[in-house]
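A short write-up of the structure that comes next.
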Amino acid sequence: MADEESVSTSERLLFAMLVGAVFGAAFGTAVLGDSTEGITAGIVVGTVVALVFPTLTTQGFERVQELLDETED
């Protein structure tokens, strides 16, 4: 059971990092003029959000997983 929980946690963190990177790239390009800084900041913010708000991140991950499963059918 500990293995399943650690996989879930790592999936949640990876999901938050990827979402943070996408929003960070958009923010960095639009506001900072440098997408690299925005991506870095987005990954950091995404990781912090995943650690502070685990239920919110889990809900987002599950929603994306449902949408991906629907497109497979």
Side-chain angles (χ1 to χ4, degrees):
M1 183 118 160
D3 291 336
E4 291 177 15
E5 187 174 319
S6 66
V7 169
S8 176
T9 301
S10 64
E11 287 176 344
R12 185 173 40 85
L13 286 171
L14 183 61
F15 171 74
M17 286 180 193
L18 290 173
V19 170
V22 170
F23 283 110
F27 174 77
T29 302
V31 176
L32 301 174
D34 182 16
S35 62
T36 306
E37 291 177 11
I39 291 171
T40 305
I43 290 173
V44 170
V45 169
T47 304
V48 170
V49 167
L51 294 173
V52 174
F53 303 108
T55 55
L56 179 67
T57 311
T58 301
Q59 289 172 352
F61 179 78
E62 289 173 351
R63 178 68 181 139
V64 169
Q65 199 64 11
E66 289 173 7
L67 291 171
L68 289 173
D69 289 342
E70 287 177 8
T71 59
E72 288 180 357
D73 295 337

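Since the structure is predicted, the reported quantities are computational estimates derived from the model, not experimental observations. One-based numbering along the sequence shown.
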Donor-acceptor contact present, side-chain Arg12 to main-chain Phe61, <3.5 Å: no
Connected via hydrophobic side-chain network under 4.5 Å: Leu14 and Val48: no
Minimum side-chain heavy-atom gap Glu37-Thr40 below 4.5 Å: no
Side chain proximity check, Thr47 to Leu51, heavy atoms < 4.5 angstrom: yes
Shortest non-hydrogen contact from Gly46 toward Ala16: O-CB, 3.2 Å
Atom pair CD (Glu11) and OG1 (Thr57), whose distance is rounded to the nearest 0.5 Å: 13.0 Å
Atom pair CD/OG1 of Glu62 and Thr55 - distance to nearest 0.5 Å: 10.5 Å
Residue pair Ile43 / Ile39, side-chain heavy-atom distance below 4.5 Å: yes
Gap between atom CG of Leu68 and atom CZ of Arg63 - 0.5 Å precision: 10.5 Å
Pairwise distance CZ(Phe53) to CD(Gln59) - rounded to 0.5 angstrom: 12.5 Å
